[in-house]
Trainee: 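Here it is, the structure, as C-alpha cells.
Below, chain A is the first sequence line, B the second, and so on; all start at residue 1. Just so it is clear, the structure is predicted and the values come from calculations on it, not from any experiment.
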Protein chains: 2
Amino acid sequence: MTRERSIPEAALPRLALYLRVLGELTENGAERVSSDELASATGVNSAKLRKDLSYIGSNGTRGVGYEIAPLMHALEGTLGLTQNRSVALVGIGNLGHALVGYSGFAERGFRISALFDVDPDLVGIPIGGIVVEHTRRIPEVCPERGVTIGVVATPGQAAQGACDLLVDAGVRCILNFAPVVLQVPSEVDVRKVDLAVELQILSFHASQHGPGTLPRVVNR
Amino acid sequence: MTRERSIPEAALPRLALYLRVLGELTENGAERVSSDELASATGVNSAKLRKDLSYIGSNGTRGVGYEIAPLMHALEGTLGLTQNRSVALVGIGNLGHALVGYSGFAERGFRISALFDVDPDLVGIPIGGIVVEHTRRIPEVCPERGVTIGVVATPGQAAQGACDLLVDAGVRCILNFAPVVLQVPSEVDVRKVDLAVELQILSFHASQHGPGTLPRVVNR
DNA sequence: AGCCGCATGTGAACGCAGGCACAAAATAGC
DNA sequence: GCTATTTTGTGCCTGCGTTCACATGCGGCT
Ligand SMILES: NC(=O)c1ccc[n+]([C@@H]2O[C@H](COP(=O)([O-])OP(=O)(O)OC[C@H]3O[C@@H](n4cnc5c(N)ncnc54)[C@H](O)[C@@H]3O)[C@@H](O)[C@H]2O)c1
Ligand SMILES: NC(=O)c1ccc[n+]([C@@H]2O[C@H](COP(=O)([O-])OP(=O)(O)OC[C@H]3O[C@@H](n4cnc5c(N)ncnc54)[C@H](O)[C@@H]3O)[C@@H](O)[C@H]2O)c1
C-alpha cells in the first residue's frame, strides 16, 4: 500500500470537492473525465488538479483522462471515508437541530450516532431517531458507539467543557461552531466554523470593493 | 487616512478573531494587552500577531502593549464594521431558521434585514420579526433595504438561481452554504461554508492519526 | 534628568503552495 | 509497426505567508 505521507493541507478541501463533483458526473452517466473538464467544473486550475490527484497515486491514463469510479474510490480511501464515520453532536439547540436534520452528512458517509445536551426538556427524547443523552454520559456513550468525530454546537461558555468531555471519551477530531478557541491536547485536531468571521471577511471586501460602497439601486 | 492597500487575505480571519477576544478581555475589565497575552489567548504566534496589527497601523506602545479600546476601533474600521451591514438570507429551511435566530450576528453589527423563500407556506409570514418575501422580489427588496451581503441557504439545485438574483440586485458579497460551486462575475466575492467538507478533512486526519484508529474504549 | 528594561515593529530567511510549460506515455490511425 | 495526437504527471520558478531575531523607541525608576 502506498501510504503517501505528504498531502498538503491546502489540497484536502479540494479533494473533497472533486469527490462531490465526480459523484454528480456519475449521476449524469459519465464514466471518464479529463483534468480540464473536472477543473472547469470545480473552478480549480487544471495543473493544480492533476497535482492534487497525483498525491493519491497516478489514477489517470495519459491521452485519455481519469476513470471516474476508481478515482472516487481512491479519494474516499484517502479521506478515510471507507470506514463509516460515527459523529457525536453536543448542544442540540437551533443549530444542532438543523445539523441533525441535514441529509448531506449521511450522503457522504457520516452517521450522527449520538446526541448530547444538558437541557432536561431535551434529554431522553428522540430527535431524528436518536435519543438525546445527558452531556455527562459522553465518556460512556461515545466509545460504545464508536464515535470518531465530535461536533460542538453549545453556547460559547459551555464549549470548552463539552470539548474536554469529548477528548476524555477518546474523540480526536472536533468540529467547533462555538465562537471560542478550544484548548486541546496536541493529538486532537480541531476545526472551527465561525459564521460571524465569514461575514466580517465579506464585510472587509465590501469596504474595499467600492470605497464608498453604499448599496445603490441597479439601473435597469 | 492611511488606507493600507495590502492586508494579506490570510490575516483577515485572524483580525476578526483578535477583535472578538479583545471584546472578551474588555468585559473582564482589561484596558491594555501585550502581544504575548493576546497571542496565547488566540493561539496565534506573537510575531505574526504583531505583524497583523501593523497592517492596520501602529497601535501599540513599545515597552507597554496595546490599548484595547482604540485597537478594537481600528480593527472594526478595517473590517468595515463601522457601517452596520445589512444581510439578506435566501432559503429559510432548517439552516435558515437557525441563522435567523442566531444572536451572534447582531452582536457583531450584522443585521438580517430581508428573508426570501419560494415556499408558499413561508412567504408572507414573519420569522424573527421579519416577513419572508418571495425570492422573485430580491431585486426589488434588497436595494430598498440596503443589503450588502447575501446568504444562500437553499438546496443545491436552487443555489445558483438565488445567487444570480442577488447579484442582479447589486449584492457583491455572498456567503454560500449550498454544496455547489457558484458562478459569479469577477467583482462578486463568494465565500463557501461546506460542513461536509469540514468533516471529510477531519476524517482524513483521523485516518492519519492512528493508522488503525478504530475508536477504542477508554481504559479507566 | 538620564539610564535601564521591556515590548513593539520589521528586515530577512525560510517553507509551502500555485502555475507555467514540457516531457512522458498511451491510444488511434495509417 | 510507426507516427501523430492527446492528456497526464511533474520539474521549476515565482510569490505569499510564517517565523526568527533584533533594532527601535517608550515608560519607569533612581
Ligand atoms: N444558530 C446559528 O445559526 C449559529 C451560527 C453560528 C454559530 N453558532 C454557535 O453555535 C452554538 C449553538 O448555537 P445555537 O443557535 O444552536 O444556540 P442555542 O442556544 O439554540 O442552543 C444551545 C444548546 O446547547 C445546550 N447547552 C447549553 N449548555 C450546554 C452544555 N454545557 N453542554 C451541552 N449542551 C449545552 C442548550 O441546552 C441548547 O440546547 C453557539 O455557540 C453559537 O454561537 C450558531
Ligand atoms: N441543515 C444543515 O445543517 C446544513 C448544513 C450544511 C449545509 N446545508 C445546506 O444548506 C442548504 C439548506 O439546508 P436546509 O437543511 O436548511 O434545507 P431545507 O430543505 O430545510 O431548506 C431549504 C429551504 O430553501 C427553500 N427553497 C427551495 N428552493 C428555493 C429557491 N429556488 N429559492 C429560494 N428558496 C428556496 C425551501 O423552501 C426551504 O425552505 C442546503 O443546500 C444544504 O445542503 C445545510
Trainee: Test your reading of the model: is there a side-chain donor-acceptor pair from T42(A) to the backbone of Y18(A), 3.5 Å cut-off?
Mentor: no
Trainee: From CG of D36(B) over to P of dC6(C), roughly how many Å is that when rounded to an integer?
Mentor: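 Atom-to-atom, D36(B) to dC6(C), this comes out as 13 Å.
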Trainee: By nearest atom, which of the nucleotides dG9(D), dT18(D), dG19(C) is closest to the R14(B) side chain?
Mentor: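 Output: dT18(D).
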Trainee: Does a sphere of radius 6.0 Å around CZ in R14(A) hold more than 12 heavy atoms from other residues, nucleotides or ligands, not counting ones at 6.0 Å or beyond?
Mentor: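 Counting neighbours around CZ of R14(A), more than 12 heavy atoms of other residues, nucleotides or ligands fall under 6.0 Å, so yes.
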Trainee: So what does N59(A) touch, heavy atoms closer than 4.0 Å: a base, only the sugar-phosphate, or nothing?
Mentor: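 N59(A): backbone/sugar contact only, no base atoms under 4.0 Å.
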Trainee: If you assign each of T61(A) and R50(A) to its closest nucleotide in DNA chain C, which residue comes earlier from the 5' end?
Mentor: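 Here R50(A) is the residue nearer the 5' end.
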Trainee: Measure CG/L38(A) against P/dG9(D) and give the value in whole Å, please.
Mentor: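 Result: 13 Å.
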Trainee: Output the rounded distance in Å from CG (D52(A)) to P (dT10(D)).
Mentor: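 Rounded to whole Å, this separation is 13 Å.
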Trainee: Look at the side chain of R62(B) against the base of dT8(C) and say whether a donor-acceptor pair falls under 3.5 Å; ignore hydrogens and angles.
Mentor: yes
Trainee: Between H205(A) and E9(B), do the side chains contain a donor N or O and an acceptor N or O under 3.5 Å apart?
Mentor: yes
Trainee: Could you tell me the separation between the CD atom of E67(A) and the C1' atom of dT7(D), rounded to a whole number of Å?
Mentor: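 Nearest whole value for this atom pair: 14 Å.
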Trainee: Ignoring hydrogens and angles, answer whether the base of dG19(C) and the side-chain atoms of K51(A) contain a donor-acceptor pair closer than 3.5 Å.
Mentor: yes
Trainee: Report yes if a side-chain nitrogen or oxygen of N45(A) is closer than 4.0 Å to either non-bridging phosphate oxygen (OP1 or OP2) of dC20(C); otherwise report no.
Mentor: yes
Trainee: Rounded to whole angstroms, how far apart are CG on L71(A) and P on dT8(D)?
Mentor: 11 Å
Trainee: For the side chain of R20(A) and the backbone of P179(B), is there at least one donor-acceptor N/O pair under 3.5 Å apart?
Mentor: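 Answer holds: yes.
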Trainee: Taking only side-chain N and O atoms of Y55(B), does any of them lie within less than 4.0 angstrom of OP1 or OP2 on dG17(D)?
Mentor: no
Trainee: From CG of L12(B) over to P of dC16(D), roughly how many Å is that when rounded to an integer?
Mentor: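 Answer to the nearest Å: 15 Å.
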Trainee: Could you check which of dT8(D), dT8(C), dA21(C) has an atom nearest any side-chain atom of S35(A)?
Mentor: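 So the nucleotide nearest the side chain must be dT8(D).
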Trainee: Mind checking if R32(B) touches a base, just sugar-phosphate, or nothing, with heavy atoms under 4.0 Å?
Mentor: nothing
Trainee: For R145(A) and S86(A), which I'm curious about, is there any donor-acceptor pair between the side chains at under 3.5 Å?
Mentor: no
Trainee: Ignoring the backbone of K48(B), work out which of dG19(C), dG25(D), dT19(D) is nearest its side chain.
Mentor: dT19(D)
Trainee: Rounding to an integer number of Å, can you tell me how far E37(A) CD sits from dT7(D) P?
Mentor: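 In whole Å, dT7(D) P and E37(A) CD are 8 Å from each other.
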Trainee: Please state how far atom CD1 in I7(A) lies from atom P in dA17(C), giving the value in whole angstrom units.
Mentor: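 Atom-to-atom, I7(A) to dA17(C), this comes out as 12 Å.
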